There are 2 protein chains.
Amino acid sequence: MQTSSPAGRPGRPRNAAADTAILAATRQALVELGWSRLTLGDVATRAGVAKTTLYRRWSGKHELVVDAVAELFDELELPDRGSLAADTEGVVLQFAAILARPEAKSGLMAVVAESTRDDALRERIRTSIVERQKRLVLQGRTRAQARGELPPEADPEVAARTADLIFDMVAGAVVHRTLVSAEPADEEWVRGFTRVLLLGLAASA
Amino acid sequence: MQTSSPAGRPGRPRNAAADTAILAATRQALVELGWSRLTLGDVATRAGVAKTTLYRRWSGKHELVVDAVAELFDELELPDRGSLAADTEGVVLQFAAILARPEAKSGLMAVVAESTRDDALRERIRTSIVERQKRLVLQGRTRAQARGELPPEADPEVAARTADLIFDMVAGAVVHRTLVSAEPADEEWVRGFTRVLLLGLAASA
DNA sequence: GAGCTTTCGCTACGAGTCGTAGCGTAATGG
DNA sequence: CCATTACGCTACGACTCGTAGCGAAAGCTC
């Protein structure tokens with residue numbers, strides 16, 4: 001989605017409803033067809049717009065799918081369940097529920113794959129999807145430190161590195177469980193995961 | 001790669017060197033073009049074979065890339081460095097080194113994305129890539145139990161679930177770090193990761 | 001209202017890829 | 001020698017891509 005026209009720009013304004021319709025149509029097409037068989041002409045037909053309209057707003061399949069999938073993560077929130085372990089389990093379960101949806105599965109990995117050769121696409125993914133998730137990790141750590149469950153971080157640089165590490169471990173594990181192992185990240189799995197994450201491999205046995 | 005013709009089958013045998021050339025050409029094309037721009041016609045030209053020959057051996061782009069990428073993981077081994085932590089660091093560094101290669105990056109995620117809608121493809125990935133990695137986790141756990149670093153598992157069912165969990169945590173974290181966060185899984189990162197994995201989040205600070 | 005600007009739907013188009021068919025030839029075993 | 005399979009090559013229809021051009025619609029400013 002490029003910069004819209006909020007200010008008094010001359011000319012006919014864009015149909016805002018079309019954006020919504022196009023993104024919804026994209027997700028529907030992802031469910032029915034998957035990434036590889038999804039075509040922009042098909043999406044345009046589903047959304048009830050002309051193919052040229054779609055190309056005026058998105059430069060291609062990749063950007064469109066990033067935006068369509070990003071909206072799925074809007075609902076992510078950090079619940080306050082009273083302890084770091086419970087908070088972690090709650091947010092991981094939310095994340096897992098989103099990833100379980102077919103439109104997320106087929107779309108997310110495809111754009112990540114393409115982002116390895118497209119810096120602009122990676123930046124788009126980072127700002128509209130990844131950062132939104134990482135924010136929850138930072139919130140959770142701050143809250144846990146306030147509770148005294150985690151020691152306060154003196155060095156902000158070390159704190160940032162640790163947060164990045166935790167984020168990669170949490171998001172990576174759920175993604176791998178869901179997409180590669182193709183098993184559900186259900187409550188039982190999340191409990192085991194949280195135990196290892198917080199207590200370590202040796203202590204959790 | 002489908003079943004070759006080792007037994008005395010009539011007719012002209014397949015050129016075994018062509019398989020090697022095609023897979024190498026596929027990896028080269030992945031490096032230069034990435035997944036989306038890789039075409040089978042181009043791979044055939046690079047390998048010096050006719051496009052029809054390629055289609056006689058692989059049913060499509062997905063299967064071909066799975067086989068091409070799978071060979072990258074052949075070199076994975078579990079080093080014996082004397083302790084669970086050191087062994088873990090060693091194998092994770094190997095895994096990270098493979099994932100850092102562009103042909104692995106662009107190819108692996110793409111086929112995983114497609115496998116969410118193609119059971120046969122997922123099975124092919126599982127047997128030729130994933131199981132080979134998971135074996136290392138099992139070896140590492142057995143060795144650590146022999147050393148007394150981990151308690152022996154009484155229930156084989158629980159042991160299998162734990163091994164799956166560890167595998168998803170290790171592989172997922174490295175993949176996420178490399179492909180999504182787009183940062184190198186270097187020695188420093190691996191040390192921090194291993195510490196959290198073995199000791200837990202609280203104890204590792 | 002007049003005039004300007006931008007969007008929209010539609011059609012058409014060249015370019016590129018896909019996967020297959022058909023052909024003649026090469027290589028192996030019985 | 002002959003059946004059988006693999007190979008290289010060419011050609012093909014079908015499909016998707018991304019763009020161009022057109023007339024009409026919808027907003028703004030004067």
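So you know, we letter chains A, B, ... as the sequences are listed, proteins then strands, and number each from 1. Since this is a predicted model, take the numbers as computed values, not measurements.
- The distance from atom CG of L54(A) to atom C1' of dC17(D) is 13 Å, rounded to the nearest whole Å.
- A straight line from OH of Y55(B) to C1' of dT20(C) spans 9 Å, rounded to a whole angstrom.
- Of the possible donor and acceptor atoms, none in the side chain of T178(A) sits under 3.5 Å from a partner among the backbone N and O of V175(A).
- Going from atom CD1 of I22(A) over to atom C1' of dG9(C) covers 13 Å, rounded to whole Å.
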Would you tabulate the nitrogen or oxygen pairs shorter than 3.5 Å linking the protein to nucleotides 11-14 of chain C?
none

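- Heavy atoms from other residues, nucleotides or ligands lying under 6.0 Å from CZ of R37(A) number 12 at most.
- Listed by first and then second residue, the salt bridge (charged side-chain N to carboxylate O under 4.0 Å, His left out) pairs that reach into residues 102-115 of chain A are R101(A)-E103(A), sequence neighbours excluded.
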Considering only nitrogen or oxygen atoms on both sides, find all protein atoms under 3.5 Å from nucleotides 3-7 of chain D and state each distance.
| residue | atom | partner | partner atom | Å |
| --- | --- | --- | --- | --- |
| dT5(D) | O2 | R12(B) | N | 3.0 |
| dA6(D) | OP1 | R9(B) | NH2 | 3.2 |
| dA6(D) | O4' | R12(B) | O | 3.2 |
| dA6(D) | N3 | R12(B) | NH1 | 3.4 |
| dC7(D) | OP1 | N15(B) | N | 2.9 |
| dC7(D) | OP1 | R57(B) | NH2 | 2.2 |
| dC7(D) | OP2 | R57(B) | NH2 | 3.1 |

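- Rounded to an integer number of Å, the gap from CG of D19(A) to C1' of dC8(C) is 13 Å.
- Nucleotide dG16(C) holds its P atom 17 Å from the CG atom of L40(B), rounded to whole Å.
- With respect to E157(A) and R161(A), a salt bridge is recorded, a charged nitrogen being found less than 4.0 Å from a carboxylate O.
- Side chain of R147(A) to backbone of G82(A): a donor-acceptor contact under 3.5 angstrom is found.
- Residues satisfying the side chain to side chain contact (heavy atoms under 4.5 Å, CB included) criterion with L76(B), sequence neighbours excluded, are F73(B), Q94(B), F95(B), I98(B), Q133(B), L136(B).
- The distance from atom NZ of K61(B) to atom P of dT16(D) is 16 Å, rounded to the nearest whole Å.
- In this structure, CG of D42(A) is placed 8 Å from P of dT16(D), rounded to the nearest angstrom.
- Remark: T52(A) pairs with A50(A), R56(A) by the side chain to side chain contact (heavy atoms under 4.5 Å, CB included) rule, at least two apart or across chains.
- Every residue meeting the salt bridge (Lys or Arg N to Asp or Glu O under 4.0 Å) condition with E187(B), not counting sequence neighbours, appears here in chain and number order: R191(B).
- Atom pair L64(A):CG and dC17(D):C1' shows a separation of 14 Å (rounding to whole Å applied).
- Between D118(A) and R122(A) there is no salt bridge, since no side-chain nitrogen of the basic residue lies less than 4.0 Å from a carboxylate oxygen of the acidic one.
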